Amino acid sequence: MVVPLQNTIRDYAWGSPTALPELLGVQPDGKPQAEMWMGAHESAPSVLPSGDSLFDVVSADPAAVLGEETTERFEGRFPFLAKLLAAGQPLSIQAHPSLEQAIDGYARDEADGIPRDAADRNYKDAWPKPEILIALEPFDALVGFRPLESTVALLDALGPAGFGELTDLLRNGKLREAFTDFMSRDRDAIRPLVAALGFAIDTYTGDAFALERETMSRLCADFPDDPGVLAALLLNRVRLQRFDAVYLPAGNVHAYLRGLGFEVMANSDNVLRGGLTRKHIDVPELVSVVDFEPLADPVLTATADGIYETGCPYFAVRRVDLDGGEQTVEGVGPRIVCCVAGTVDAVGKESAESLSAGQSAFVSGTEGPCTLRGSGTAFVVSAR
């Protein structure tokens with residue numbers, strides 16, 4: 001089957017009040033609209049034309065919806081979650097666990113009797129959360145640890161007071177120690193360091209590190225006592241252009257800053273936060289999952305045929321650009337087609353759905369190939 005999806009928009013405080021309404025072609029209501037969820041996650045599943053949630057339909061008969069192969073491989077769970085993400089303000093500094101870490105952490109939280117919807121629970125489920133973010137407009141983010149020599153050069157250029165210890169640790173290759181030290185300090189100890197960093201940025205007269213200074217100046221002003229500001233010093237500052245992407249495997253420390261993007265992840269809500277937020281923070285648990293290997297080039301582009309090659313075992317993502325023609329897209333298991341520009345028809349064996357920007361359709365795992373027609377751009381997300 002090929003059917004349209006009715007999707008939930010999450011109104012998190014960091015969301016943009018205008019980006020999603022503009023994509024959907026509707027009037028903004030002045031409230032933040034952060035994420036539109038597409039899939040079968042139990043906390044905000046898409047709804048089918050029948051009125052049933054996709055989560056309930058999958059739970060009732062996984063093989064009929066996901067296909068036999070996907071059902072067996074993922075034990076009847078829908079393997080991925082797609083989102084339109086609109087950041088008007090920075091999201092938290094965060095990382096996600098591997099499968100083994102998620103299984104262990106979930107078991108610990110269950111044994112401790114922490115309710116699954118509790119604000120201080122670390123692991124909502126026993127799944128990892130690798131993810132990809134594809135920019136739909138210029139998109140700013142902090143992604144992975146910058147090579148240490150570049151961070152030392154940034155600190156040497158700015159010369160903020162009180163940062164000598166951090167610089168020495170980085171010169172000696174002790175990234176884990178530097179990150180853990182700053183993330184573990186209380187807000188009273190952080191406040192003068194953030195102030196010193198803000199002053200150094202404001203009085204810097206050189207031309208180097210323009211994007212980094214722009215971001216750090218804003219973070220210093222908005223989060224004056226937050227250790228996440230100091231963690232942000234260690235991360236790559238990227239500005240993605242339209243259809244550029246970042247792939248975030250387990251342990252990648254990151255924070256989205258501003259922009260509109262299409263995001264796909266394994267079907268999990270496990271987030272370990274370290275700063276730039278008033279939500280629950282567990283620094284020891286965060287450090288336990290972080291990958292401290294520096295990332296020289298975090299930006300990913302699609303292949304000539306629109307595929308974003310991540311190697312992720314939970315999902316595959318392909319961008320289809322049409323100019324009045326058609327393209328048949330193979331796929332394994334369930335698929336979600338999301339139009340992000342123009343008008344695209346998703347055509348199955350016996351049904352078709354016409355999608356405009358911001359609209360999506362579900363293609364069942366038993367459908368076989370799906371043909372896209374029209375003039376526009378759509379993303380096709382499938383199980384691996």
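Just so you know, these numbers come straight off a predicted model, no measurement behind them.
- The CD atom of E214 sits 11.0 Å away from the CD1 atom of I201 when rounded to the nearest 0.5 Å.
- Considering all non-hydrogen atoms of both residues, A86 and L20 come closest at CB-CG, 4.0 Å.
- Hydrophobic cluster membership is shared by I190 and L142, with clusters built from Ile, Leu, Val, Met, Phe, Trp and Tyr side chains linked at under 4.5 angstrom.
- The cationic atom of R319 (NZ for Lys, CZ for Arg) lies less than 6.0 Å from the six-membered ring centre of F243 and within 45° of the ring axis.
- N236 places a side-chain N or O within 3.5 Å of a backbone atom of V143 that can act as its donor or acceptor partner.
- Applying the salt bridge (charged side-chain N to carboxylate O under 4.0 Å, His left out) test between D140 and each of R218, R258, R239 identifies R239 as the sole match.
- Annotation for D29: atom CG counts as buried by contact number, over 12 foreign heavy atoms lying within 6.0 Å.
- Relative orientation of the Y256 and H254 rings is tilted, given thresholds of 30° and 60° on the angle between their planes.
- Taking the six-membered ring where tryptophan is involved, the planes of F179 and F292 are perpendicular, since the angle between them exceeds 60° and thus also 30°.
- Look at D104 and R108 and you find a salt bridge, because one of the NZ, NE, NH1 or NH2 atoms lies within 4.0 Å of a carboxylate O, short of that distance.
- Exactly one of Y314, F80, F315, W127 qualifies for a side chain to side chain contact (heavy atoms under 4.5 Å, CB included) with N267. That residue is W127.
- A salt bridge links E110 to R121: one of the charged nitrogens lies within less than 4.0 Å of a carboxylate oxygen.
- The number of heavy atoms from other shown groups lying within 6.0 Å of CG (D112) is above 12.
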Practice problem: With side chain to side chain donor-acceptor pair (under 3.5 Å) as the test, would you mind laying out the steps for T328 and T371 before giving the verdict? | Solution: CA-CA 4 Å; T328 298; T371 299; 3.0 Å; yes
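- Applying the side chain to side chain contact (heavy atoms under 4.5 Å, CB included) rule to P249 yields the partners Y247, N252; only residues at least two apart in sequence or on another chain are considered.
- Closest approach of A118 and K124 over heavy atoms only: O-NZ, 3.0 Å.
- Side chain of S46 to main chain of G39: a donor-acceptor pair is present (N/O by atom type, distance under 3.5 Å, no hydrogens or angles).
- K83 has no carboxylate O lying under 4.0 Å from a charged side-chain N of E131, or vice versa, which leaves the two without a salt bridge.
- Counted within 6.0 Å of CD on E72, heavy atoms from surrounding residues, nucleotides or ligands total 12 or fewer; the atom is thus considered open.
- You'll find the side chain of L235 reaches within 4.5 Å of the side chain of F145, heavy atoms only.
- Side chains of M183 and V287 form no contact here, defined as non-hydrogen atoms less than 4.5 Å apart.
- With respect to the salt-bridge test (charged N to carboxylate O, under 4.0 angstrom), the residues D156 and R171 qualify.
- Around atom CD of E68, no more than 12 heavy atoms belonging to other residues, nucleotides or ligands sit under 6.0 Å away.
- W14 and Y12 have tilted rings, their planes meeting at an angle from 30° to 60° on a 0 to 90° scale.
- Note: F182 and F163 have tilted aromatic rings, judged against thresholds of 30 and 60 degrees for the angle between ring planes.
- With sequence neighbours excluded, the residues satisfying side chain to side chain contact (heavy atoms under 4.5 Å, CB included) with T301 are D244.
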